[in-house]
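Every heavy atom of this structure was used, including side-chain atoms; hydrogens, water molecules and symmetry mates were not.
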Amino acid sequence: MLAILLVVLYGLVVPVMVRARRHSGPKGPALPSARVVAALELALIAAALAIPAALLADASPWWRADHPAWVFGLVTGALTIVGTVLVRIAPRYRRTLWPMVAIALIGAIVIGLDLLTGAQLQLNGVAGYSASTGARYAGVGGVGLGVFVAGLLLLAGSLAQWVTKTWRPVIVVLLGGVGVVMVGSPYLGADPVGAIAVTAGVCVAAAISTGGWLTFPRFAWAALAGLGVTIGFAVMDLRRPELEQGSLGRFLTELAGGTGGPAMQRAAAANGETLLGSPLTILALIGVLMLAFCQYSPWGGLNRLFGLHPAIRGAMAGTTVATLIAGVLGGSALTVAGAAAAFVVPAAVLTALRVLLHAADRTRPDGETDGPGGPALRKSDEDHLAAR
């Protein structure tokens with residue numbers, strides 16, 4: 001259902017983005033109506049908050065009702081509306097990055113609080129994981145990991161835009177470090193493979209948060225940091241009893257005992273089954289197509305967004321790296337990436353649309369002129385030109 005709704009929503013957003021771009025010719029389509037833009041913004045916010053709302057819905061005993069599916073849908077919809085209203089009524093809502101900041105904050109808080117309280121919302125939850133499959137019994141699941149990583153990195157990137165370039169990597173590393181600890185801790189997320197993936201994503205986000213490309217020195221430092229964190233989690237996991245080891249510890253134990261081949265085959269088989277049978281794969285593909293339109297189309301606006309806010313580009317690049325690594329190494333294919341796409345892409349599309357509309361705005365703040373020779377020259381400039 002979420003995939004279908006996102007396809008319809010993106011189909012409605014595309015023509016609005018095409019009209020939002022100011023044409024250079026004397027004639028062109030009129031800018032989209034303010035009411036249409038406002039309605040689409042609310043719809044994009046609601047779509048981004050759908051998965052966090054589905055996780056929160058498990059706090060209610062919807063499964064005891066006579067029609068549990070309907071009750072779950074109604075509770076999820078109500079929570080989505082509440083979250084959308086909270087974002088909308090905020091005093092800073094008109095700021096370009098505010099909806100993205102608010103969405104990222106809500107997602108990170110929902111998953112973070114769930115991990116701090118024993119991950120009860122994810123265990124046997126609709127948007128979580130099922131203990132009957134035997135893949136996980138505690139900690140953070142694939143969907144929760146995707147939302148948590150995306151929310152934390154987007155929040156870090158948005159906050160980094162408010163400081164100077166020198167401090168941007170520091171902000172990203174500090175918030176990203178909190179995420180690595182929460183995901184990898186055996187008492188919280190209990191997912192060392194996910195912690196390694198988050199580390200890689202944080203390193204990439206920090207490396208390009210100041211702008212520019214991912215050069216070799218930046219990549220080398222990021223790789224060294226990721227290697228250090230990987231070794232640390234491996235040592236910590238190997239020191240635990242064998243029955244309490246995570247996936248990383250079990251794999252290293254099997255590798256040392258000469259049985260690493262079957263473990264890799266099981267992971268590859270799990271990736272194949274999940275890739276073909278999970279609706280999150282559809283969400284990932286839909287998100288990729290929409291981001292491709294926003295970045296490579298003349299009407300997309302994503303390149304302009306990344307140029308104005310390079311830390312956001314770093315956050316999205318880090319999210320991509322982290323979710324793909326977590327899915328492949330964890331045997332969940334595009335599950336993590338699909339959850340992140342359903343959470344991040346609507347917020348990115350909303351922000352890109354705002355950037356396009358602001359680029360078309362020709363109003364001037366009080367006291368500014370149109371430049372040399374423009375019609376809004378100050379009186380003193382006119383007198384100076386007359387005297388010359």
Side-chain angles (χ1 to χ4, degrees), residues 10 13 17 20-21 41 44-45 47-49 87 90 92-108 146-176 178-179 198 200-215 218 222 287-288 290-297 299-324 337 339-359:
Y10 293 156
V13 169
M17 297 185 76
R21 181 176 181 268
E41 287 186 352
L44 288 169
I45 294 172
L49 296 178
V87 175
R92 303 175 69 89
Y93 175 75
R94 295 299 178 186
R95 298 291 183 94
T96 302
L97 295 181
W98 171 252
M100 178 179 286
V101 175
I103 290 169
L105 182 62
I106 291 174
V147 174
F148 187 63
V149 172
L152 205 60
L153 287 181
L154 274 182
L155 181 61
S158 301
L159 294 178
Q161 281 298 137
W162 296 344
V163 299
T164 59
K165 287 186 176 182
T166 305
W167 291 99
R168 287 178 186 173
V170 177
I171 298 295
V172 175
V173 169
L174 288 177
L175 286 180
V178 173
V198 175
V202 170
C203 291
V204 171
I208 60 177
S209 61
T210 57
W213 299 96
L214 187 61
T215 59
R218 289 179 171 182
V288 168
M290 190 62 194
L291 287 181
F293 169 81
C294 290
Q295 184 163 6
Y296 299 110
S297 169
W299 308 281
L302 201 58
N303 280 331
R304 184 177 179 85
L305 170 63
F306 289 162
L308 294 172
H309 309 287
I312 300 297
R313 184 186 67 153
M316 295 192 67
T319 300
T320 303
V321 170
T323 54
L324 290 178
F343 180 69
V344 169
V345 175
V349 172
L350 188 156
T351 310
L353 177 60
R354 285 192 164 191
V355 169
L356 284 175
L357 291 171
H358 291 176

*Would Leu153 and Val344 satisfy side chain to side chain contact (heavy atoms under 4.5 Å, CB included), going step by step from the backbone distance to the final call?*
CA-CA 10 Å; Leu153 287 181; Val344 169; over 6 Å; no
*Which distance, rounded to the nearest 0.5 Å, do you find between the CG of Leu356 and the CZ of Arg304?*
8.0 Å
*For the residue pair Ile312 and Ser158, establish whether any side-chain heavy-atom pair is separated by less than 4.5 Å.*
yes
*Nearest-0.5 Å distance, CG of residue Leu308 to CZ of residue Arg313*: 12.5 Å
*Evaluation steps, side chain to side chain contact (heavy atoms under 4.5 Å, CB included), between Thr319 and Phe343*: CA-CA 11 Å; Thr319 300; Phe343 180 69; over 6 Å; no
*Do Val170 and Val163 come within less than 4.5 Å of each other through their side chains, counting heavy atoms only?*
no
*Main-chain N/O of Cys294 paired with Ser297 side-chain donor or acceptor, under 3.5 Å*: no
*What heavy-atom pair brings Leu305 and Ala352 nearest, and what distance separates the two atoms?*
CD2-N, 4.3 Å
*Smallest separation among heavy atoms of Gly287 and Val345, with atom names*: CA-CG2, 3.8 Å
*asked:* To check you understand the geometry: which heavy-atom pair defines the closest contact between Met290 and Val13, and what is its length?
replied: CE-CG1, 4.2 Å
_side chain to side chain contact (heavy atoms under 4.5 Å, CB included) evaluation trace for Leu291 with Met316_ = CA-CA 11 Å; Leu291 287 181; Met316 295 192 67; 4.0 Å; yes
*Is a side-chain donor or acceptor of Arg354 paired with a backbone partner of Arg95 at a separation under 3.5 angstrom?*
yes
*asked:* Rounded to the nearest 0.5 Å, what separates atom OG1 in Thr96 from atom CG in Leu353?
replied: 11.0 Å
_Set out, in order, the CA-CA distance, both residues' side-chain angles and the distance that settles side chain to side chain contact (heavy atoms under 4.5 Å, CB included) for His309 and Thr351, then state yes or no._
CA-CA 11 Å; His309 309 287; Thr351 310; 5.7 Å; no
*Are side-chain heavy atoms of Gln161 and Pro310 found at a separation under 4.5 Å?*
yes
*Shortest non-hydrogen separation from Val349 to Met17 and the atoms involved*: CG1-SD, 4.1 Å
*So how far is it from Leu155 CG to Ile103 CD1, rounded to the nearest 0.5 Å?*
12.0 Å
*What are the two closest heavy atoms between Gly157 and Ala311, and how far apart are they?*
O-CB, 3.3 Å
_Heavy-atom pair of closest approach, residues Leu44 and Tyr10_ = CD2-CE2, 4.4 Å
*Could you grab the distance from atom OH of Tyr296 to atom CG of Leu302, nearest 0.5 Å is fine?*
9.5 Å
